[in-house]
Trainee: 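Dumping the structure here so I can ask a few things about it.
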Amino acid sequence: MPLVTLAEVLQEADAKGYAVGAFNCNNMEIVQAIIGAAEAEGAPVIIQASQGAIKYAGLQYITSLVRTAAAGTRVPVVLHLDHGTDFEQVLRCLRAGFTSVMIDGSKYPLEENIALTRQVVEIAHAIGASVEGELGRIGGTEDHVSVSEREATMTVPEEAARFVAETGVDALAVAIGTAHGRYKGKPQLDFERLAAIDGLINTPIVLHGSSGVPDEDIRRAVALGVRKINIDTDIRIVFVEAMRRALADNPEEIDPRKVLGPARDAATSVIRHKMRVFGSAGRLHNSIPG
Ligand code: 13P
């Protein structure tokens, strides 16, 4: 079926109380792993590309790969720009056929973030695409910050209410203690803050930095209103580990398919597991008609 928007899949998820996985891709094998997992689990899915992934693979390659994947399946698929920080890049993605974009204005003061995000919402909505905004700062796991510094970067619930009202975003990424990359210890999520945000807004909430977050914490976050869950690092880890194993087992191997095939299979398994934890598995028959 043709690509669908983020608003469509998240509306359905919100009505039924589950979250949709948003998996980062940067090559054909990862796109195939995401779609293969979605088909095997009967799950709606968001395939997202960061600006870095677009730089690596090329905008047309990414768009064509995901369009091809979506066209051959009955699973609802969203093509989403992850962490768009550049207004022009956001426009290029919309023009190429992305059905959703994230505009990440989180590094700006609130007023500027609202103004930038609203501008993107006006353009995207005019052409039938969705927008995710970010409020609070979701750092990397490598950032060395103290507890009080970390608190200062977290989303303030009242500001979230103002942000969604004034921008009209379709989804809001919040900072509640997760970070991008591989965690050193167990991540500490601020569930009270998440509940407070969910109590003040009707907009679906997005959790970034979800790799390495224990399954029970993910389930708790979904119960508290998280509807889109971003996963990149957990795919990278199993993908590259499988490549390393294949090369170690057969140091003379020269066929890329013998190295990338097992990596694709490993990624499919991890994505299938995530879909079951998020509650999106088995939702295909209740989903948007094709
Ligand atoms: P991870 O690094 O935890 O996979 O997070 C990915 C992400 O949030 C992309 O926006």
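Numbering of ligands and ligand atoms starts at 1, following listing order.
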Trainee: Applying a 4.0 Å heavy-atom criterion (strictly less than), which segment of Ser210 is in contact with ligand 1: side chain, backbone, both, or neither?
Mentor: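 The answer is the backbone.
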Trainee: Taking the side chain as C-beta and beyond, is there a heavy-atom pair between Ser210 and Ile218 under 4.5 Å?
Mentor: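 Side-chain contact under 4.5 Å: yes.
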Trainee: Quick one: which of Ile138, Thr178, Thr233, Asp104 has a heavy atom closest to atom 1 (P) of ligand 1?
Mentor: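 Going through Ile138, Thr178, Thr233, Asp104 one by one, Thr233 has the nearest heavy atom to atom 1 (P) of ligand 1.
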Trainee: So Ile62 and Phe98, do their side chains get closer than 4.5 Å, heavy atoms only?
Mentor: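 In short, these two side chains touch, coming nearer than 4.5 Å.
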Trainee: Which bit of Asn24 is near ligand 1, meaning a heavy atom under 4.0 Å away: side chain, backbone, both or neither?
Mentor: side chain
Trainee: Looking only at protein heavy atoms, which one is nearest to atom 9 (C) of ligand 1, and what is the separation?
Mentor: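 Looking at atom 9 (C) of ligand 1, the protein heavy atom closest to it is Asp82 OD2, 3.1 Å.
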Trainee: Report, in ascending order of atom number, the atoms of ligand 1 lying under 4.0 Å from any heavy atom of Ile231.
Mentor: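 Within the 4.0 Å cut-off of Ile231, ligand 1 contributes 4 (O).
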Trainee: For the 3.5 Å polar cut-off, considering only N or O atoms, please tell me whether Gly181 and ligand 1 meet it.
Mentor: yes
Trainee: Closest non-hydrogen protein atom to atom 7 (C) of ligand 1, residue and atom name please, with distance?
Mentor: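 Residue, atom and distance for the closest contact: His180 CD2, 3.2 Å.
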Trainee: Checking the N or O distance criterion of under 3.5 Å, is ligand 1 in contact with His208?
Mentor: yes
Trainee: I need the nearest protein heavy-atom contact for atom 8 (O) of ligand 1: residue, atom name and distance, please.
Mentor: Gly209 N, 2.8 Å
Trainee: Pull out every atom of ligand 1 sitting under 4.0 Å from any heavy atom of His83, numbered as shown with elements.
Mentor: 10 (O)
Trainee: State yes or no: do Tyr108 and Val174 share one hydrophobic cluster built from I, L, V, M, F, W and Y residues joined by side-chain heavy-atom distances below 4.5 Å, directly or via other members?
Mentor: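 Yes, one cluster joins them.
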Trainee: Leu79, Leu91: one ILVMFWY side-chain cluster at the under-4.5 Å cut-off?
Mentor: yes
Trainee: Heavy atoms, side chains only, cut-off 4.5 Å: are Met243 and Glu29 in contact?
Mentor: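 They are not in contact (no side-chain heavy atoms under 4.5 Å apart), so the answer is no.
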Trainee: Check this for me - ligand 1, Asp234, N or O atoms closer than 3.5 angstrom, yes or no?
Mentor: no
Trainee: With under 30° as parallel and over 60° as perpendicular, where do the rings of Phe23 and Phe278 fit, or are they tilted in between?
Mentor: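 The rings of Phe23 and Phe278 lie parallel, inter-plane angle below 30°.
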Trainee: Looking at Pro76 and Leu284, what are the two nearest heavy atoms and their distance?
Mentor: CD-CD1, 3.7 Å
Trainee: Taking the side chain as C-beta and beyond, is there a heavy-atom pair between Glu8 and Val78 under 4.5 Å?
Mentor: no
